[in-house]
K.L.:
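Dropping the structure in here first, questions after.
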Amino acid sequence: MNMEKMSGAEALMRSLLHEGVETLFGYPGGAIMPVYDALYDYRDRLNHVLVRHEQGAVHAAQGYARVSGRVGCAIVTSGPGATNTVTGIADAMIDSTPIVVVCGQVGTTLLGTDAFQEVDVVGVTTPIAKWSYQIRRAEDVAWAVARAFYIARTGRPGPVVLDFAKDAQTALTAYQPATVDFIRSYQPVPPTDDAAINEAARLIDESERPLVLVGQGVELGNARAELQAFLEKAQLPAGCTLLGLSALPSDHPLNMGMLGMHGNLAPNVMTNRCDLLIAVGMRFDDRVTGNLQTYAKQARIIHFDIDPSEIDKNVKTDLAVLGDCKRTLAAVTARMGEARHEQWVEGFKPYKEKEYAKVIDKAIHPQEGALLMAEVVRRVSEASGHKAVLVTDVGQNQMFGCRYFKYTQGRSVVTSGGCGTMGFGLPAAIGATFGAPDRMVCLFVGDGGLQMTIQELGTIMEQQAPVKIILLNNNYLGNVRQWQAMFFRRRYSFTPMLNPDYEMIARAYGIPARTVVERADLNAAIEEMLRTDGPYLLQCAVLEEDNVLPMTPPGANVDEMLLEI
């Protein structure tokens with residue numbers, strides 16, 4: 001067979017197209033120049049988005065992946081270009097986001113010589129990626145790319161890093177597309193024990209006070225319909241993790257709210273009252289469990305997960321149901337009986353009413369004073385018909401955003417969960433507009449986080465990415481300030497922020513902007529933002545010492561939530 005010969009760089013282009021890639025986020029440099037030269041001839045088939053910093057490329061790829069369900073892709077150069085991706089790779093790993101990062105590298109003859117912009121990328125990223133591999137030969141490109149995308153998207157998704165030596169980019173090879181659907185040492189979906197399915201159904205049937213914890217695994221497994229059928233057959237109340245919030249519609253009668261440190265009172269309290277805890281695609285993060293010594297000790301625990309390493313890692317379970325939750329949930333649903341649990345479900349109501357009266361009503365319906373973050377979030381959600389994609393940065397904007405936005409569709413929450421990366425929001429929102437071009441993307445960001453990746457306003461300007469940026473400006477590093485207020489005697493050590501004129505900065509990038517100080521102007525400003533084609537920055541001057549409540553103090557029991565401070 002006489003195969004066409006081409007450079008390793010062009011083989012990369014062909015391989016990306018073979019994997020169905022349409023959009024790339026990247027930044028060129030010396031060691032990746034042959035790839036960018038090859039990309040020049042593929043501009044009509046591969047849409048390259050030039051970011052303003054390599055960290056932005058990876059976060060944008062994450063945002064793209066989270067809303068689309070596809071593998072995000074970033075391309076950067078060697079040395080500092082590669083090391084600038086490390087934060088995003090670590091973020092993608094802990095939040096199970098499928099991305100492939102291609103880094104340039106010095107030529108193979110220079111490896112290990114401390115050549116200009118040489119960094120041991122494989123050594124740096126191996127602990128924070130599903131797979132890291134150095135491509136040293138052009139003939140290995142097709143195989144490496146196929147393997148990378150297979151590993152990134154299958155099983156528990158995650159990031160893969162390809163370190164591409166420069167001479168491998170320029171060398172010629174006979175190209176043939178490769179497909180990888182099996183790796184001997186890699187089992188993406190563990191086998192499901194049929195006895196575990198039967199036992200799960202039995203435990204649920206015998207339970208009088210069941211509670212389901214819904215994690216992002218439901219979204220990653222495309223199992224929203226299976227989850228609802230599971231809950232509704234036996235009237236199982238559920239709480240959602242931060243990343244699992246849109247796996248279940250906000251107004252579903254069995255959705256009891258968000259779990260965790262800044263979650264809702266009812267599901268947190270009932271975690272320590274239930275007799276059966278059913279975790280689906282979640283990892284029992286410390287922000288969800290609080291004090292592990294007292295967490296759900298009265299309950300039997302079933303853990304549905306695709307990753308065997310999560311079983312018994314933090315919380316000892318009574319039964320593990322391994323496998324793809326789209327299949328395992330359906331299997332258990334078919335075998336369990338119908339039930340109502342009316343008295344148990346009704347028992348959540350007093351806690352919901354208490355939280356509403358003491359926290360929520362005051363937060364979304366303030367009568368006077370400065371704007372509150374919660375009311376801004378809720379009004380934007382309402383104005384968008386609760387159909388927008390929520391993207392947040394990290395901090396108070398994140399907690400208020402996730403608590404007070406409402407969700408009617410899946411894949412509607414893009415936030416940095418496990419890593420808590422400030423600066424995530426702006427580039428992730430850009431990626432989300434490419435991953436879900438038919439949906440509105442609303443970014444809630446604080447004045448601190450915005451400045452960490454503010455250069456990506458240049459990407460928005462160039463791409464006219466229609467990100468609706470809602471800046472909740474309190475002139476503080478708000479989340480740290482809240483902890484200083486609660487646990488450090490209000491000693492506000494280096495948390496007040498001296499801020500620039502963000503509206504002027506946005507306009508310098510050609511982005512329409514408006515600032516709201518008075519509550520009476522908020523609705524009109526939101527309507528103007530949503531009516532405006534393309535990007536928009538709405539700066540809201542919010543109460544400086546607003547606090548996210550309820551809150552489980554660090555180290556406290558999950559049901560010991562503070563409703564006021």
K.L.:
May I ask you to decide if Q398's main-chain N or O and T392's side chain share a donor-acceptor pair within less than 3.5 Å?
P.N.:
no
K.L.:
Any chance the side chains of Q235 and E342 put a donor and an acceptor closer than 3.5 Å?
P.N.:
no
K.L.:
Just by distance, with hydrogens left out, do Q216 and D95 show a side-chain donor and acceptor under 3.5 Å apart?
P.N.:
no
K.L.:
In Å and rounded to the nearest 0.5 Å, what is the CG to OG1 distance from N474 to T495?
P.N.:
9.5 Å
K.L.:
Identify which one of V101, V49, I99 satisfies the side-chain contact (heavy atoms from CB on, under 4.5 Å) criterion when paired with F25.
P.N.:
V49
K.L.:
Who pairs with Y64 by ring pair (Phe, Tyr, Trp, His ring centres under 6.0 Å), at least two apart in sequence or on another chain?
P.N.:
none
K.L.:
Going from CG on L322 to CZ on F304, what distance comes out if it is rounded to the nearest 0.5 angstrom?
P.N.:
10.5 Å
K.L.:
State, to 0.1 Å, how close M422 and G449 come at their nearest heavy-atom pair, and which atoms those are.
P.N.:
CE-N, 3.4 Å
K.L.:
Can D275 and Q298 be said to form a side chain to side chain donor-acceptor pair (under 3.5 Å), step by step?
P.N.:
CA-CA 6 Å; D275 63 3; Q298 79 293 338; over 6 Å; no
K.L.:
On the ring face of Y404, is R378 found with NZ or CZ under 6.0 Å from the centre and within 45° of the axis?
P.N.:
no
K.L.:
Surrounding CZ of F488 (heavy atoms of other residues, nucleotides or ligands, distance under 6.0 Å), is the total greater than 12?
P.N.:
no
K.L.:
Indicate whether any N or O donor in one side chain lies under 3.5 Å from an N or O acceptor in the other, for T328 and T192.
P.N.:
no
K.L.:
Determine whether a donor-acceptor pair (N or O, by modelled atom type, separation under 3.5 Å) exists between the side chain of S412 and the backbone of G410.
P.N.:
yes
K.L.:
Ignoring hydrogens and angles, tell me if any N or O in the side chain of N222 forms a donor-acceptor pair with the backbone of K326 under 3.5 Å.
P.N.:
no
K.L.:
What distance do L259 atom CG and T241 atom OG1 have between them, rounded to the nearest 0.5 Å?
P.N.:
7.0 Å
K.L.:
Mark yes or no for whether N264, through its side chain, and A266, through its backbone, hold a donor-acceptor pair below 3.5 Å.
P.N.:
no
K.L.:
How far apart are the C-alpha atoms of L248 and Q228, what are their side-chain angles, what is the distance that settles it, and do they pass the side chain to side chain contact (heavy atoms under 4.5 Å, CB included) test?
P.N.:
CA-CA 7 Å; L248 188 63; Q228 289 194 43; 3.8 Å; yes
K.L.:
CD1/I302 to CG/L277 distance, rounded to the nearest 0.5 angstrom?
P.N.:
9.5 Å
K.L.:
Taking the side chain as every heavy atom from C-beta outward, state whether P249 and R224 have any atom pair closer than 4.5 Å.
P.N.:
yes
K.L.:
Are the side chain of D305 and the backbone of I311 linked by a donor-acceptor contact shorter than 3.5 Å?
P.N.:
no
K.L.:
Looking at side-chain heavy atoms only, is the closest gap between P550 and L562 below 4.5 Å?
P.N.:
no
K.L.:
Side-chain contact, heavy-atom cut-off 4.5 Å: K468 with P535?
P.N.:
no
K.L.:
If only side-chain N and O atoms count, and only distance matters, is there a donor-acceptor pair under 3.5 Å linking S381 with Y407?
P.N.:
no
K.L.:
If you take the centroid of each ring, where Trp contributes its six-membered ring, are H262 and F400 closer together than 6.0 Å?
P.N.:
no
K.L.:
Could you pull out all residues at least two apart from E564 that satisfy salt bridge (Lys or Arg N to Asp or Glu O under 4.0 Å)?
P.N.:
none
K.L.:
Check the surroundings of atom CD in Q409: do more than 12 heavy atoms from other residues, nucleotides or ligands lie under 6.0 Å from it?
P.N.:
yes
K.L.:
With a 4.5 Å cut-off on side-chain heavy atoms, are I469 and L538 touching?
P.N.:
no
K.L.:
Among all residues two or more places apart in sequence or in another chain, which pass the salt bridge (Lys or Arg N to Asp or Glu O under 4.0 Å) test with E310?
P.N.:
R156, K313
K.L.:
Does the side chain of N314 come under 3.5 Å of the side chain of R283 through a donor N or O and an acceptor N or O?
P.N.:
no
K.L.:
Does R66 offer a backbone N or O that forms a donor-acceptor pair with the side chain of R411 under 3.5 Å?
P.N.:
yes
K.L.:
Would you please test C325 and R327 for side chain to side chain contact (heavy atoms under 4.5 Å, CB included) and show each step?
P.N.:
CA-CA 5 Å; C325 65; R327 194 183 79 78; over 6 Å; no
K.L.:
Just so I know, are the side chains of W131 and V161 near enough to count as touching, which here means a heavy-atom distance under 4.5 Å?
P.N.:
no
K.L.:
Give, for atom CG of L245 and atom SG of C240, the distance between the pair rounded to the nearest 0.5 Å.
P.N.:
6.0 Å
K.L.:
Between R439 (side chain) and K387 (backbone), is there a donor-acceptor pair under 3.5 Å?
P.N.:
yes
K.L.:
Under the side chain to side chain contact (heavy atoms under 4.5 Å, CB included) criterion, do S250 and H386 qualify, and how do the steps go?
P.N.:
CA-CA 9 Å; S250 299; H386 306 308; over 6 Å; no
K.L.:
Please check: side-chain N/O of N473 versus main-chain N/O of Q539, any donor-acceptor pairing under 3.5 Å?
P.N.:
no
K.L.:
Side chains of Q55 and H59: donor-acceptor distance under 3.5 Å anywhere?
P.N.:
yes
K.L.:
Can we say R273 and D559 salt-bridge, meaning some charged N sits less than 4.0 Å from an Asp/Glu carboxylate O?
P.N.:
yes
K.L.:
Taking D546's backbone N and O only, do any of them form a donor-acceptor pair with Q396's side chain (distance below 3.5 Å, no angle check)?
P.N.:
yes
K.L.:
Between V214 and L227, is any pair of side-chain heavy atoms under 4.5 Å apart?
P.N.:
yes
K.L.:
Side chains of Y186 and K130: any donor to acceptor distance under 3.5 Å?
P.N.:
yes
K.L.:
Checking N397 side chain against D393 main chain: does a donor-acceptor pair fall under 3.5 Å?
P.N.:
yes
K.L.:
In this structure, are over 12 heavy atoms from other groups packed under 6.0 Å from K233 atom NZ?
P.N.:
yes
K.L.:
Take T421 and T87, measure what side chain to side chain donor-acceptor pair (under 3.5 Å) needs, and give me the verdict at the end.
P.N.:
CA-CA 8 Å; T421 303; T87 296; over 6 Å; no
K.L.:
As an exercise, state the distance from CD of Q482 to OH of Y476, rounded to the nearest 0.5 Å.
P.N.:
13.0 Å
K.L.:
With a 4.5 Å limit on heavy-atom distance, are the side chains of R335 and N198 in contact?
P.N.:
yes
K.L.:
For side chain to side chain contact (heavy atoms under 4.5 Å, CB included), just list the numbers for V269 and T271, CA-CA rounded to whole Å, side-chain angles, deciding distance to a tenth of an Å, and then say yes or no.
P.N.:
CA-CA 5 Å; V269 168; T271 294; over 6 Å; no
